[in-house]
Number of protein chains: 2
Amino acid sequence: MAVSNWNQGAEDMCPYRLVLEHVTSRWGVLVLIALEGRSHRFSELRRAIGRVSEKMLTQTLQTLERDGLVHRDAKPVIPPRVDYSLTELGREAAAQVRGLAAWTERRMADVQKARTAYDEARS
Amino acid sequence: MAVSNWNQGAEDMCPYRLVLEHVTSRWGVLVLIALEGRSHRFSELRRAIGRVSEKMLTQTLQTLERDGLVHRDAKPVIPPRVDYSLTELGREAAAQVRGLAAWTERRMADVQKARTAYDEARS
DNA sequence: CGGTATCCAAAAGGATACTG
DNA sequence: CAGTATCCTTTTGGATACCG
């Protein structure tokens, strides 16, 4: 296990920024939003999120589980079945993230317009 | 200008995720929060955020400016003076980000506790 | 002061192969 | 199915030097 992993390391950053970065991380955001509606199995999450590698999804889920935002329920059956859901803490975080995501959807068109204007102004 | 820059490239990602990632990016979050209170000069921002390199701050500000969230006001004086502030779009985004940051501060202790429990459970 | 350009180190992230 | 382990590429980010 010599893999670079944001679970460990980063002892040099204040805990505040650390939590903020887990929650706002590329895949963290999408996992929280996906799990807000209902619990998902591992492969369901992959499909729901799209274009995420197994490695990154695993890493993200482990980080969020460690932070107490995600609950992992591994059923001892064959083939294995693992369900991920949000804890109370996770639901609170997801609500915040969802606000951000909703804003993004609402305002995306304006952002795109701003970008076009910016690019044209210096071409 | 062959530097890897998230302003350009990334044509392969949907615009929704792209905007979301700018707003939730490591330095984007902190810039939006810092600018929510009042406008800042470049070096003020560096001090306010702490531990951010010139390069990353510049890059972040350019991205947010291009997205129409940040307004850049460069006064033609010597020595140069540049003030950064939020646009209306930026204030909206900052309000969302602030919700997330406030939640993080409120719940940080619980997250830390969850982590300790998680780590002890498998040591 | 407020940047840009360049180089380099570190981290994130993907592909593949393998396992219980 | 739900991961791990390994290798490799890409991206991020810091340090430094320089410029208008």
Side-chain angles (χ1 to χ4, degrees), chain A residues 1-13 17-18 21-22 24-31 39-66 70-85 122, chain B residues 1-13 17-18 21-22 24-31 39-66 70-85 122:
Chain A
M1 221 270 260
V3 63
S4 77
N5 189 345
W6 25 280
N7 290 345
Q8 315 305 333
E11 318 291 2
D12 56 319
M13 192 158 37
R17 282 198 195 179
L18 213 51
E21 292 199 5
H22 290 176
T24 62
S25 75
R26 163 178 264 176
W27 306 117
V29 168
L30 300 173
V31 165
S39 73
H40 284 66
R41 301 182 59 176
F42 185 84
S43 43
E44 281 182 325
L45 266 179
R46 276 201 80 184
R47 279 190 300 275
I49 291 176
R51 294 174 183 270
V52 56
S53 66
E54 289 182 8
K55 180 180 157 186
M56 292 318 298
L57 185 55
T58 299
Q59 227 171 74
T60 302
L61 286 168
Q62 284 173 351
T63 300
L64 295 180
E65 189 194 356
R66 184 165 102 104
V70 160
H71 173 67
R72 180 177 184 274
D73 182 19
K75 272 138 187 152
V77 295
I78 296 195
R81 176 186 179 102
V82 183
D83 286 283
Y84 291 94
S85 55
R122 52 217 81 193
Chain B
M1 219 269 258
V3 61
S4 81
N5 187 344
W6 25 279
N7 290 346
Q8 315 306 332
E11 318 292 3
D12 57 320
M13 191 157 37
R17 283 198 195 177
L18 214 49
E21 291 197 5
H22 292 174
T24 62
S25 75
R26 164 179 263 174
W27 305 118
V29 168
L30 300 172
V31 165
S39 73
H40 284 66
R41 299 181 60 176
F42 186 84
S43 44
E44 282 182 325
L45 266 179
R46 276 201 79 183
R47 281 190 299 276
I49 292 176
R51 295 173 183 268
V52 57
S53 66
E54 290 183 7
K55 179 180 156 185
M56 293 317 299
L57 186 55
T58 300
Q59 230 173 69
T60 302
L61 286 168
Q62 284 173 351
T63 300
L64 294 180
E65 189 195 357
R66 184 165 103 105
V70 161
H71 174 67
R72 180 176 185 273
D73 183 19
K75 272 137 186 153
V77 296
I78 296 197
R81 176 187 177 101
V82 183
D83 286 283
Y84 291 94
S85 55
R122 53 217 80 194

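To find a chain, count down the sequence lines: A is the first, B the second, and so on, and within it residues start at 1.
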C:dC1 OP1/OP2 closer than 4.0 Å to side-chain N/O of B:Tyr84: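 The answer is no; no side-chain N or O of B:Tyr84 sits under 4.0 Å from OP1 or OP2.
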
D:dA2 OP1/OP2 closer than 4.0 Å to side-chain N/O of A:Gln62: no

Close side-chain approach of [X] and [Y], heavy atoms under 4.5 Å:
X       : Y       : value
B:Val52 : B:Leu30 : no
A:Phe42 : A:Leu61 : yes
A:Arg17 : B:Val29 : no

[X] [atom1] - [N] [atom2] separation (whole Å):
X       : N      : atom1 : atom2 : result
A:Ile78 : D:dA2  : CD1   : C1'   : 12 Å
B:Gln59 : C:dT4  : CD    : P     : 10 Å
B:Asp83 : C:dG3  : CG    : C1'   : 15 Å
B:His22 : D:dT11 : NE2   : C1'   : 13 Å
B:Arg72 : C:dT4  : CZ    : C1'   : 12 Å
B:Leu61 : C:dC1  : CG    : C1'   : 14 Å

Passing option when B:Arg46 is tested against B:Met56, B:Glu54, B:His40, B:Arg41 for side chain to side chain contact (heavy atoms under 4.5 Å, CB included):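 Result for side chain to side chain contact (heavy atoms under 4.5 Å, CB included) with B:Arg46: B:Glu54.
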
Sequence-aligned protein contact record of nucleotides 14-20 of chain C, with B where the base is within under 4.0 Å of a protein heavy atom and S where only the sugar-phosphate is: BB----B

Derivation of the side chain to side chain contact (heavy atoms under 4.5 Å, CB included) call for B:Val70 and B:Thr63: CA-CA 9 Å; B:Val70 161; B:Thr63 300; over 6 Å; no

Atom pair CZ/CG of B:Arg66 and B:Leu64 - distance to nearest 0.5 Å: 11.5 Å

Atom pair OG1 (A:Thr60) and OH (A:Tyr84), whose distance is rounded to the nearest 0.5 Å: 10.5 Å

Residues within residues 40-47 of chain A bordering DNA chain D, heavy-atom distance below 4.0 Å: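 Hits under 4.0 Å, by residue number: A:Arg41, A:Phe42, A:Ser43.
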
Shortest non-hydrogen contact from A:Trp27 toward A:Arg51: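 Heavy atoms of A:Trp27 and A:Arg51 come nearest at CH2-O, 3.3 Å.
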
Sequence-distant partners of B:Arg81, side chain to side chain donor-acceptor pair (under 3.5 Å), two or more places apart: B:Asp83

